[in-house]
Amino acid sequence: MARSISYREALNEALAQEMERDPSVIVMGEDNAGGAGAPGESDAWGGVLGVTKGLHPRFPGRVLDTPISESAFIGAAIGAATRGLRPVAELMFIDFMGVCFDQIFNQAAKFRYMFGGKAVTPVVIRAMYGAGLRAAAQHSQAMYPAFTAVPGLKVVLPSSPYEAKGLMIQAIRDDDPVIFCEHKAMYDVVGEVPAESYTIPFGEAGIVREGEDVTVVALGRMVSVASDAAAELAASGVDCEVIDPRTTSPLDAGTILESVARTGRLVVVDEASPRCGMAADIAALVAREEFGALRAPIGAVTPPHTPVPFSPALEDLYMPDAGRVVAAVKSAVDWKP
Amino acid sequence: MARSISYREALNEALAQEMERDPSVIVMGEDNAGGAGAPGESDAWGGVLGVTKGLHPRFPGRVLDTPISESAFIGAAIGAATRGLRPVAELMFIDFMGVCFDQIFNQAAKFRYMFGGKAVTPVVIRAMYGAGLRAAAQHSQAMYPAFTAVPGLKVVLPSSPYEAKGLMIQAIRDDDPVIFCEHKAMYDVVGEVPAESYTIPFGEAGIVREGEDVTVVALGRMVSVASDAAAELAASGVDCEVIDPRTTSPLDAGTILESVARTGRLVVVDEASPRCGMAADIAALVAREEFGALRAPIGAVTPPHTPVPFSPALEDLYMPDAGRVVAAVKSAVDWKP
Amino acid sequence: MTDTLRTPRAPREHGLDGPALLDAYRTMRTIRDFEERLHEEFATGDIPGFVHLYAGEEASATGVCAHLDDGRDVIASTHRGHGHCIAKHVDVKSMMAEIYGRTTGACHGKGGSMHIADLSKGMLGANGIVGGGPPLICGAALAAKVRGDGGVGVAFFGDGGSNQGTTLESLNLASVWQLPAVFVAENNGYAEATSAEWSVGGGSIAARAAAFGMPGVSVDGFDFFAVHEAAGAAIDRARAGGGPTLIEVRLTRYYGHFEGDQQKYRADEVRHARAELDCVKRFRQQVAGTLADAQLDAIDAQVARLIDEAVSEARAAPLPTGADLETDVYISYL
Amino acid sequence: MTDTLRTPRAPREHGLDGPALLDAYRTMRTIRDFEERLHEEFATGDIPGFVHLYAGEEASATGVCAHLDDGRDVIASTHRGHGHCIAKHVDVKSMMAEIYGRTTGACHGKGGSMHIADLSKGMLGANGIVGGGPPLICGAALAAKVRGDGGVGVAFFGDGGSNQGTTLESLNLASVWQLPAVFVAENNGYAEATSAEWSVGGGSIAARAAAFGMPGVSVDGFDFFAVHEAAGAAIDRARAGGGPTLIEVRLTRYYGHFEGDQQKYRADEVRHARAELDCVKRFRQQVAGTLADAQLDAIDAQVARLIDEAVSEARAAPLPTGADLETDVYISYL
Ligand SMILES: Cc1ncc(C[n+]2csc(CCOP(=O)(O)OP(=O)(O)O)c2C)c(N)n1
Ligand SMILES: Cc1ncc(C[n+]2csc(CCOP(=O)(O)OP(=O)(O)O)c2C)c(N)n1
Ligand SMILES: [Mg+2]
Ligand SMILES: [Mg+2]
């Protein structure tokens, strides 16, 4: 697998390969077909993210533009899924969930349970999340904890181009509704990606780095931040195990607990707001299930409880960085009862 | 304070007293004025919850019915708040947040920060939450963790008629946006409530029962469940401290940590879904800040990761009850490393 | 709202033969009896949760669904969903059992009145969220269009639901995508206790169609044939690729918003509708020349028995147990 | 969209005196220069984040806001908000500093281009959410109505925003509550790269007004006087208790959706609009009989200087520091 492509290209390739393989896969979203209805607009954009570029001419009638009506078209993707299609709908910024959350958490997520096990809703909702592009408070959030909390949804956070492709193909083939969270600062990140189709199963964490002293669980873009910190810590003799859960729902509790059972220390690195977020969720899991192994307080590296600030000077302080991870790991290692 | 009234009456009295005191307080929601526009409808209902009953005739022009357009009227309450009114808007069931969440978390919550500290948005959004009335998956949820996660919002969960009145008056006078969560199974609960106006400050937990062996933090309706469990446990010699945080944001971390520092054990009892919920949030706080005092795994008593089932036979199993709290406390007490 | 004729007029050329008319009557009668019986059963205290009755509105669900296939056509309903379910051929006994929270229920007791569904019949669910259905129906219609199977999607919603942004967006999306969809606004004059005359800006739901570039019509919902005709035209057009339609059906609910609502705010109106406008009575008058009373009475008797059995079987059916609590959240998880 | 006159016609009786005309010109010129300069500055790479330029649309913000007071009247804007801010008298230097993320910015550098606000001027913020503003403006208008101070609320949104449920709901709410509100749909033909001809079912935003029971008009947005007249009528009616109005303003954006969009999909259209329809040029022609060129040229020079200063002062201003990160989330917390 010598070939390297970007996170954006990996997603585009996953979509194209699945559309090729399965005629029930359709794609929709604002400008996903590149603007519609006016001359010369076909494929002008491939979504604002460029992820769907090139699909419209290749799969006529299966890549749809939408009006700016997220409730209607996300709901339509869900409704179509109940009728045998496998729609991949782009919400664009995950921050826009506020205008269509009902269709996701009260409809798609609950059909199977409410209807006594008789509904199948294989919809994928793609959305970009995260800070770092100076996009300010309404375009930079990491809202996945709100989705993770909802029984019936699966939530995916790919941390590299390789993960992006394999998890997207899994998401499309999965029969449950999936929220697929792409980090907006990673679209141009390049990495090795097999050309052929492959899947990465949900609920299986990746062990990014093995280590014996401290377990560091990091999500999405924070995986590379944690890896940088681990490299720095290795130089000063602290051996971190870095775990990427890949999906927050289902969460691979086994891998995390087994690691903490060995290391006795846990630091969670997450880009979501600190309250009721993934850092809390994973800390609680470990404090409940692996308390006996713990030798230090559970560290959390998250942004503060504030909206995402615009000014680069503030946003850089807002985002967790390797320095803060190093400090948290060190304080776990140095902790004395 | 010998007078006893219901949770519903306590809320109604709080609204009436504040409307009397401050002409900028207005009330709105579906059927809040009792149905509008047709003869004989005035005050026919006082909202589906009956909480606003009687206010419409008493405060002409200040109690408004709305169409079923939650984004528009919750947004209107927020917009009016930025212009000096103190609107109390009823979302009815908190489950309906999905059709108007944007106005709450991207608008109201962020104005002050995004606008550099220059906005004041004293809006109160009332909503009923919780299971137990066989209202099924879309009318029984405990969505407050999703609000607690949002920087800029305050979140209130009154656990008794006394709390309901004092916290509501505080919510109305508070200058920040407040999400006020009323448990639908508590409206008819009766308790002692002073007739005069009073406030209960946000971020100050109530200590419902003092104890030395285990700290039990319980929220909203779970406070009475935890109290029942504590009484039962006392009979078998286990002395619980029961803490009611009253507000999840701000959260009174001090009271919780101080208690765990004494007891060394924590069980959190919460009605929200288990993932990324308050049970996780409070467990993480303690595992980070008071690890040294902990002598047992942190217990959580929550519903399972499922939608709320309709059938009474299932809903009763879904809801945390005193029996499960007793078991969790006992396993904390009995835990051996 | 009550500008309808007091004396039955002959239905226009409706092209319905005897069996079709009997079918329509059976559906309306079944809905009526189901709801009237629920009203009694609710009073016993044995029915859990919230129940919203459709009695009085039978001609709407029946007139629309008479045109639909179980296989390729899909409907989405509301909190007031029993009538739509019955008209779309959801098994009546499974509905009753569901309302009683039993394992024999359409949803294994997990859904209840507000969430009865049967996807195998193209019934995408009652819905607890006002405005929840129309977006979903855009999707069902889209699936039919992508597959080219001639299927249509029909979204039912109320006058209150016509003010929900999700509904309004869906009208636009269906128009823009030229979907084979029909939007049926059942205007019964109230959303809870709030009057539609007040809440529907502009006063006409049907007129909103034009705002989104689709035809809109308003029909008398006490008249099965009027609904049937309007729905037939809309559904035919949708099947033929002619895009969506909005139909406003003017009617009345006989009971309160939900069981428990005394609805003192509209007692006179209900008395009048029951006495003068009732769609079932009127249907009998309208078909008097075509069908014999005995045929209709026989259906009445069959339906009465069905509902009796449905209640007694539901009451006797098992409740779900702990083993059911955590199943069917996902198809596969961990 | 481009059916407008190529030769300037005399504005109808507009009742604007010399100072008012000069004011309008200054506003339009300030917006234009602000945006053209941002386009250049953005290319240097020194401006962070997303910037959506309003150039080409000046007559809309200016024609509407000319009728508004800073004190009692409120506007809500969109992601494309600079023009509305300037027309509502937000300090230009504080805007530029905000866009550069400085402490001297209107929002202390915390908001950026998409969130410039000045509540003391009745400017309730640009908004990053399409359809975010209309509900808020219902509230501002409600506050004015409750207080009886004669104030109005004005919501600006785009053709894309006219399809958002929040916007459609707000039209209905404003109608039902008879609010002193004006909804200004700036139809520039595109939402990102999606054409309004395709996305607006029915084809006319103005026609949607009728669906909610309010007057709707469509005006030529290249013509300041046309906008001014329509807005004046709507705002007067609102102040007098006559309820809301929807105004569709047809115009064009000169730059891409945001800085970085090459907009090859509409290059010809932009060339045509700049050459033939430009609202600033046209205004100069329209007032040629009333104002001397020298007066207008003097304003050009003053504005050019203001924008120069705004940029150099913004570039020199301090960035926020760690001490600012956690302030102003709440008024009081713990
Ligand atoms: C989003 C949302 N808002 C409010 C409600 C509460 N609610 C349930 S039914 C109803 C009235 C609906 O009125 P209408 O659409 O006219 O239907 P009808 O009850 O008359 O059949 C309301 C307000 C809800 N279920 N969902
Ligand atoms: C709810 C929501 N959906 C999508 C977007 C992304 N978005 C930002 S601007 C825009 C296009 C808006 O078009 P229009 O309303 O016509 O305004 P214009 O840009 O033409 O001024 C889109 C899709 C958003 N910000 N918010
Ligand atoms: Mg109704
Ligand atoms: Mg536009």
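We name chains A, B, ... by the order of the sequence lines, and we start the count at 1 in each one.
- Among all heavy-atom pairs drawn from B:P250 and D:L334, the shortest one is CB-CG, 3.4 Å.
- Contacts of residues 109-128 of chain D with chain B at a heavy-atom distance below 4.5 Å involve D:K110, D:G111, D:H115, D:A117, D:L119, D:G122, D:L124, D:G125, D:N127, listed in sequence order.
- Using a 4.5 Å cut-off between heavy atoms, B:D175 contacts chain D through both its backbone and its side chain.
- Within residues 87-107 of chain D, the residues that have a heavy atom under 4.5 Å from a heavy atom of chain B are D:G105, D:A106, D:C107, listed by number.
- We find the OG-CG distance between B:S71 and D:L173 to be 11.0 Å, quoted to the nearest 0.5 Å.
- Without hydrogens or angle criteria, D:W177 side chain to B:D65 main chain gives a donor-acceptor distance under 3.5 Å.
- No side-chain heavy atom of D:T166 sits less than 4.5 Å from a side-chain heavy atom of B:D102.
- When D:A140, D:G133, D:C138, D:A76 are compared by the number of non-hydrogen pairs under 4.5 Å with chain B, D:A140 comes out ahead.
- With a 4.5 angstrom heavy-atom cutoff, B:V123 does not touch chain D via any of its atoms.
- With B:D176 contributing its side chain and D:S332 its backbone, the two residues share a donor-acceptor pair below 3.5 Å.
- Annotation: maximal heavy-atom pairing with chain B below 4.5 Å, among D:R147, D:K145, D:H108, occurs at D:R147.
- Scanning residues 73-82 of chain B against chain D with a 4.5 Å non-hydrogen threshold yields B:F73, B:G75, B:A76, B:I78, B:G79, B:A80, B:T82, sorted by number.
- Rounded to the nearest 0.5 angstrom, B:T247 OG1 and D:Y333 OH are separated by 7.5 Å.
- Taking CZ of B:R83 as the reference point, atom CG of D:L136 lies at 12.5 Å (rounded to 0.5 Å).
- Below 4.5 Å, heavy atoms of chain D meet heavy atoms from B:I26, B:M28, all part of residues 18-29 of chain B.
- Residue B:V99 does not touch chain D at all, counting heavy-atom pairs closer than 4.5 Å.
- The two residues D:V329 and B:Y113 make their nearest non-hydrogen contact at CG2-CD1, 3.7 Å.
- Of the listed residues (B:N106, B:V120, B:L153), the one with the most heavy-atom contacts under 4.5 Å to chain D is B:L153.
- Both the backbone and the side chain of B:K154 have a heavy atom closer than 4.5 Å to some heavy atom of chain D.
- The heavy-atom pair separating B:A119 from D:I331 by the smallest distance is O-CD1, 4.3 Å.
- With chain B as partner, the option from D:L142, D:I129, D:L168, D:N172 having the largest number of non-hydrogen pairs under 4.5 angstrom is D:I129.
- Atom CD of D:E169 is separated from atom CD of B:E70 by 7.0 Å, given to the nearest 0.5 angstrom.
- In this structure, OH on D:Y330 lies 10.5 Å from CG on B:D174, to the nearest 0.5 angstrom.
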